[in-house]
Amino acid sequence: LESYSDGINFYIKQISKDSLGRGSPEFFLFTSEIAPWRPADSIALLKLLAFQSTDKAEIEILRTRILLSGISPKRYEDLFLEPPFIKDRENKIISYLRNFKFPVHQHFTNKKVDNQLRNIILNGSFNASNVFAVMPFRSATGHVLAASDPHAILTAPSNFMLVNLQLANGFITGGTIPGIPAVIIGKSKQFGWGVSSASIDDQDLYIEKLNSENNSEYFAKQGLKKFKEKYEIIKVKDQNSVTLKIKNTKNGPVLTSNLLGAHLIRPKGHAISLKWTGLSNDDRSIEALIKLMQSKTISEAKKNLPLLK
């Protein structure tokens, strides 16, 4: 990670030294300042991509809205492919939320179903991706054929770029994303690999009750706790900078405003926080990707896969 960052920063200095303009047309869209690249930036970029590939928090919000509409547990199970266990804890949460008014839930009455609900019921998820392979005896070449389709959105410029790297274990060819020092979908002389979304339930939402006398505090099992707060400044070209206040609980960051649709199930006097595997201190996904392309054998590569969160 540090070597990769050093390489990026060396190129940025070279652009300035040789008067090469901005180095890339995309940079004309942003402010003239370019901050040095850090290893943390590569990790953050991978986490951003992971966050964009999951929709479990949105589905939890949608399912909560449906349950609050008064639908029966049996009918709910008919609608969803993977219904949660609607007993005990889940029933307690829904019973608690029913003490508050949520006028938006009228959208799910009188047989009115919005597009978001229709997509969830028909497709089971917002996102998709796939990896498939053909065994040697089924291919014309006599070798294994593998294809990986991340279902990424088409953009200009593309998120992916093709690279050919020479490492200690030989040449690695495949697709990477600028900012991440690893080939995400690729092959070596020994084997090939791809990435697909597992669609696992990697996000949970927590309804945090605020202290009515002090909104900088919330109730936890151990009593009142203070939110951890920090500020992030985002520079905008030709406009004033935007300052964001970020609040965290022991469960995770607080979803502000209508982020992910949290306002649709947020009771008055409460906040909603997000717990996500991508925010865990145990997340070593970028290490797994780097070690995957450095592996010399399939068995060595498999040993590193558990690091991928």
- request: Run the numbers on F227 and T249 for side chain to side chain contact (heavy atoms under 4.5 Å, CB included), then give the verdict.
  value: CA-CA 6 Å; F227 288 104; T249 71; 3.4 Å; yes
- request: Begin from the C-alpha positions of V254 and N248 and carry the test side chain to side chain contact (heavy atoms under 4.5 Å, CB included) through to its verdict.
  value: CA-CA 6 Å; V254 172; N248 276 274; over 6 Å; no
message: I'd like to know whether R65 forms a side chain to side chain contact (heavy atoms under 4.5 Å, CB included) with I265, so could you lay out the CA-CA distance, the side-chain angles of the two residues, the decisive distance to 0.1 Å, and finally the verdict.
response: CA-CA 7 Å; R65 292 175 65 194; I265 63 167; 3.7 Å; yes
field: Worked check of side chain to side chain contact (heavy atoms under 4.5 Å, CB included) between D283 and T277
entry: CA-CA 7 Å; D283 180 18; T277 55; over 6 Å; no
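L68 places a side-chain heavy atom less than 4.5 Å from the side chain of T64. Here the side chains of W193 and S148 are not in contact, with every heavy-atom distance at 4.5 Å or above. Contact of the L46 side chain with the S285 side chain is registered, since non-hydrogen atoms from C-beta on lie closer than 4.5 Å. At a threshold of 4.5 Å between non-hydrogen side-chain atoms, the residues L274 and L205 count as touching. Looking at heavy atoms from C-beta onward, M293 lies out of side-chain contact with L289 at the 4.5 angstrom threshold. Side-chain contact between F171 and L165 is absent, with no heavy-atom pair separated by less than 4.5 Å. By the 4.5 Å heavy-atom criterion applied to side chains, F51 and Q203 are counted as neighbours. Side chains of K187 and I172 form no contact here, defined as non-hydrogen atoms less than 4.5 Å apart.
Nearest heavy atoms, R266 versus L255: NH2-O, 3.0 Å. Nearest heavy atom pair, residue A57 against residue L260, reads CB-CD1, 3.8 Å. The two residues A271 and L210 come nearest to each other via the heavy atoms CB-CD2, 4.0 Å. G174 and V183 get closest at one heavy-atom pair: CA-CG1, 3.8 Å. Closest heavy-atom contact between L279 and P253: CD1-CD, 3.4 Å. Shown here for L167 and Q294, the closest heavy-atom pair between the two residues is CD1-CG, 4.4 Å.
Within a 6.0 Å radius of CD in Q222, more than 12 heavy atoms belonging to other residues, nucleotides or ligands are found. Other residues, nucleotides and ligands place more than 12 heavy atoms under 6.0 Å from the CZ atom of F219. Atom NZ of K237 is surrounded by more than 12 heavy atoms from other residues, nucleotides or ligands within 6.0 Å. By the neighbour-count criterion of 12 heavy atoms within 6.0 Å, atom NZ of K296 is sparsely surrounded, having that number or fewer from other residues, nucleotides or ligands. The number of heavy-atom neighbours closer than 6.0 Å to CZ of F100, taken from other residues, nucleotides and ligands shown, is above 12. More than 12 heavy-atom neighbours from other residues, nucleotides or ligands sit within 6.0 angstrom of CE on M161. Shown here is N240, whose CG atom has no more than 12 heavy atoms of other residues, nucleotides or ligands within 6.0 Å.
Distance CG/D18 to NZ/K13: 13.5 Å, rounded to 0.5 Å. From I43, atom CD1 reaches atom CD of E287 across 10.0 Å, with rounding to the nearest 0.5 Å. The distance from atom CG of D202 to atom OG of S280, rounded to the nearest 0.5 Å, is 11.5 Å. Atom CG of residue L292 and atom CD of residue E300 lie 10.0 Å apart, to the nearest 0.5 angstrom. Interatomic distance, CD of E2 versus CH2 of W37, reported as 15.0 Å (0.5 Å rounding). One finds the CG atom of L264 at 7.0 Å from the CD1 atom of I61 (value rounded to the nearest 0.5 Å).
Side-chain contact of N251 with E208: a donor-acceptor pair under 3.5 Å is present, judged by distance alone. Under the 3.5 Å distance criterion, with hydrogens and angles disregarded, no donor-acceptor pair is assigned to the side chains of S196 and N130. For Y96 and H270, the side-chain atoms include at least one donor-acceptor pair closer than 3.5 Å.
Under a 3.5 Å cut-off, the side chain of S295 and the backbone N or O of K291 do form a donor-acceptor pair. T176 contributes a side-chain N or O that, together with a main-chain N or O of I180, makes up a donor-acceptor pair within less than 3.5 Å. At distances below 3.5 Å, at least one donor-acceptor pair connects side-chain atoms of N9 with backbone N or O atoms of S5. Proximity of a side-chain donor or acceptor of R138 to a complementary backbone N or O of V144 within less than 3.5 Å is not detected. Side-chain N or O atoms of S139 include one that pairs as donor or acceptor with a backbone N or O of P136 at under 3.5 Å. Side chain of S241 to main chain of I233: no donor-acceptor pair is present (N/O by atom type, distance under 3.5 Å, no hydrogens or angles). Judged by distance alone, with hydrogens and angles left aside, the side-chain atoms of S129 form a donor-acceptor pair with the main-chain N or O of S197 at under 3.5 Å. Judged by distance alone, with hydrogens and angles left aside, the side-chain atoms of D41 form a donor-acceptor pair with the main-chain N or O of R38 at under 3.5 Å.
A salt bridge does not link E217 to K225: none of the charged side-chain nitrogens sits closer than 4.0 Å to a carboxylate oxygen. For the pair E60 and K56, the salt-bridge criterion is not met [side-chain N within less than 4.0 Å of a carboxylate O].
Using a 4.5 Å cut-off between side-chain heavy atoms of Ile, Leu, Val, Met, Phe, Trp and Tyr, with links allowed through other members, L259 and I246 fall into different hydrophobic clusters. Under the 4.5 Å side-chain heavy-atom criterion for ILVMFWY residues, no single connected hydrophobic cluster contains both L97 and Y218.
With Y4 as reference, I8 is the one residue of L1, I8, D6 to meet the side-chain contact (heavy atoms from CB on, under 4.5 Å) rule.
Stacking of K245 on the aromatic ring of Y231 is not recorded, the 6.0 Å distance cut-off and the 45° axial limit not both being met.
Legend: residues meeting side-chain contact (heavy atoms from CB on, under 4.5 Å) with Q190, ordered by chain and number and at least two apart, are S188.
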